[in-house]
Amino acid sequence: MMEAQILQFLQSSLGSSWPVVAPVWPAIWALLKIVCVLVPVVVAVAYLPYFERKVIAYMHVRIGPNRVGPAGLLQPIADALKLVFKEVITPSRANKALYFTGPILALAPALLAWAVVPFDDGLVIADIDAGVLFLLAASSLGIYGIIIAGWASNSKYAFLGAMRAGAQMISYEIAMGMALVTVLMISGSLNLGDIVESQGQGRFADMGLAFLSWNWLPLLPMFLVYLIAGVAETNRAPFDVVEGESEIVAGHMVEYSGMSFALFFLAEYANMILISALVAIFFLGGWLSPVGFLPDGIVWLLLKISFVLFLFLWFRASFPRYRYDQIMRLGWKVFIPLCMVWILVVGIWMMSPFNVWD
Amino acid sequence: MEFTTFTFYVFGAILLFAALRVITAKNPVHAALYLVLAFFAGAGLWMLLQAEFLAIMLVMVYVGAVMVLFLFVVMMLDIDLARLRSRFWSYLPLGATIGILMVVMMAMVLGGRYFGVDALPGQTLPPGHSNTKELGRLLYTEYVYPFELASVILLVGIIAAVMLTLRKRKDTKYLDPSRQVARKREESVRLVSMPAEKEETETPTERGSQ
């Protein structure tokens with residue numbers, strides 16, 4: 001709808017030079033859409049560390065950053081300037097090409113996945129049928145940045161960090177994928193838009209209490225598994241052994257400085273926002289409004305994403321770091337069996353007369 | 001030239017280049033990474049054939065999991081290139097035979113006109129066709145027994161791998177988190193009632209040094 005209007009406006013204003021633009025118009029339109037999604041994401045990524053510092057500070061009864069700009073709001077800009085102007089150091093005997101590919105490969109998949117994330121009904125860059133598969137594939141690529149960085153740095157600490165990251169991310173990816181299977185079972189679609197729409201119907205939605213018919217309630221164990229596995233997947237506290245300061249300094253990032261370090265930093269926060277968006281879409285009803293008398297809209301999605309992000313920060317302020325073998329135990333011996341049992345339970349539930357999703 | 005054709009040639013060229021580099025790269029880590037690139041190009045080609053499920057699965061399974069483990073192993077091994085290359089000539093006949101066989105097979109597919117392979121029915125896909133759904137339906141209805149058989153074989157493979165590498169070490173200190181959580185105060189802490197001060201035998205200076 002909007003594209004047609006813009007097209008009409010362009011055709012009338014460009015007049016005779018329109019045929020020159022016409023063949024490349026699809027590419028320009030796609031780029032515009034990408035910019036419209038990525039710019040807010042990058043701004044959010046810049047301000048998330050600020051909010052993290054603020055939130056954790058208040059939880060510690062401190063004040064947090066408050067020197068740069070009003071209430072410290074220019075702190076992210078100051079941080080970015082500092083990082084940009086720092087010297088980029090390459091360790092001797094590092095594999096140069098791969099050393100600089102690592103940070104790029106860490107950030108790219110985190111941004112790639114936004115292509116299929118719907119912000120509102122039909123407000124999505126690529127409305128594809130295999131959206132969930134695309135997401136899983138894109139998020140499974142994030143590990144390459146870390147492994148390559150760890151290996152190319154030619155440092156023991158970095159390499160150990162990369163090994164830990166690899167093992168941890170692969171383990172929790174399985175749990176995440178299996179938790180999603182139950183969501184797919186009850187929504188019957190791999191399209192993220194359809195998954196959100198399917199949460200807006202049911203007995204509670206008819207009563208005007210839509211938030212009770214979202215997936216988080218009937219799939220509560222899977223919701224928790226997905227959320228916790230998401231925290232582990234992004235290597236956030238309490239699962240941040242990958243960069244455990246007290247053991248292996250900063251893991252795969254130990255040799256990086258300046259902007260190449262900043263890219264890892266950005267990737268971590270971009271991944272956090274992405275996982276929050278996915279939790280909101282798969283389990284918290286996406287852009288749907290929680291109660292019947294309020295209209296649906298993108299505001300709800302943003303609120304839900306913010307809530308899940310707050311959980312991420314809250315976890316970090318509350319929990320001590322897991323020990324490495326217990327992280328592995330939680331992933332393989334607790335989450336995966338739990339997912340398998342719950343898939344069976346949901347399957348039986350759907351076939352039984354108590355099916356709530358019809 | 002149509003845009004799809006152009007894309008096909010770009011992906012094809014990348015695939016060929018990457019595959020070539022897999023076998024010519026000096027560093028095994030580079031070779032593994034080129035293999036990742038080859039998988040990507042292959043996935044792109046499948047995507048052009050509208051086999052989106054297969055394409056994404058290729059990326060998910062091979063790039064996202066298998067190659068990561070490959071890289072793990074390759075990165076941790078101390079690979080001596082000179083020793084690896086010394087047996088090049090003795091393995092050449094075997095390698096060449098396999099290579100020639102593959103070329104012959106591909107020639108039979110590509111030159112289908114001369115071998116009669118193109119008698120296979122071509123298919124036109126209706127709009128809104130989802131080959132994910134189609135594949136799922138086939139796998140779980142018509143081919144459910146072969147599918148289950150394959151998964152059982154994989155399961156056996158997993159168990160075999162675990163059994164081969166499992167070593168029970170007696171000197172490992174083993175922790176059971178559920179027991180740790182279930183531990184109660186009464187089991188581990190004993191309150192002993194003691195007088196706050198000792199008897200009058202000691203001098204004040206000694207008490208100060210404690």
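Chain letters run A, B, ... following the sequence lines, proteins first, then strands; residues in each count from 1.
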- Message: Taking side chain as everything from C-beta outward and backbone as N, CA, C, O, which of these in A/Asn95 sits under 4.5 Å from a heavy atom of chain B? Side chain, backbone, both or neither.
- Response: side chain
- Examine whether an atom of A/Leu136 lies under 4.5 Å from a heavy atom of chain B, and if so say whether it belongs to the side chain, the backbone or both; otherwise answer neither. both
- If you count the non-hydrogen atoms of other residues, nucleotides and ligands that lie under 6.0 Å from OH in B/Tyr143, is the total more than 12? no
- Taking atom CZ of B/Phe39 as the centre, report whether more than 12 heavy atoms of other residues, nucleotides or ligands fall under 6.0 Å from it. yes
- Item | Shortest non-hydrogen contact between B/Met60 and A/Leu133, atoms and distance | SD-O, 4.1 Å
- Message: For a quick test of reading the model, state the closest non-hydrogen atom pair linking B/Met76 to A/Phe159 and the distance between them.
- Response: CG-CZ, 3.8 Å
- Could you tell me which of B/Met57, B/His30, B/Lys133 has the largest number of non-hydrogen atom pairs under 4.5 Å with chain A? B/His30
- Message: I need the residue from A/Glu173, A/Arg329, A/Gln326 with the largest number of non-hydrogen atom pairs under 4.5 Å to chain B.
- Response: A/Arg329
- Item | Heavy atoms of other groups near A/Phe264 CZ, more than 12 under 6.0 Å | yes
- Item | Heavy-atom proximity to chain B below 4.5 Å, by part of A/Ile128 | neither
- Item | 4.5 Å side-chain heavy-atom contact, A/Leu141 and B/Phe40 | yes
- Item | Minimum-distance pair of heavy atoms, taken over all atoms of A/Ile170 and B/Ala65 | CD1-O, 4.4 Å
- Checking B/Val61 against chain A: side chain, backbone, both or neither under 4.5 Å from a heavy atom? neither
- Query: For A/Ser140 and B/Gly64, which heavy atoms make the closest approach, and how far apart are they?
  - Reply: OG-CA, 3.6 Å
- Item | Residue A/Leu98 versus chain B: region with a heavy atom under 4.5 Å | side chain
- Message: Which atoms of B/Leu58 are under 4.5 Å from chain A, going by heavy atoms: the side chain, the backbone, both sets, or neither?
- Response: neither
- Query: Heavy-atom distance under 4.5 Å to chain B: side chain of A/Ile147, backbone, both or neither?
  - Reply: both
- For B/Ile56 against A/Phe134, the heavy-atom pair lying closest together: CG2-N, 3.9 Å
- Note: vs chain A, highest number of non-hydrogen pairs under 4.5 angstrom among B/Asn27, B/Leu71, B/Val59, B/Val29 is B/Val29
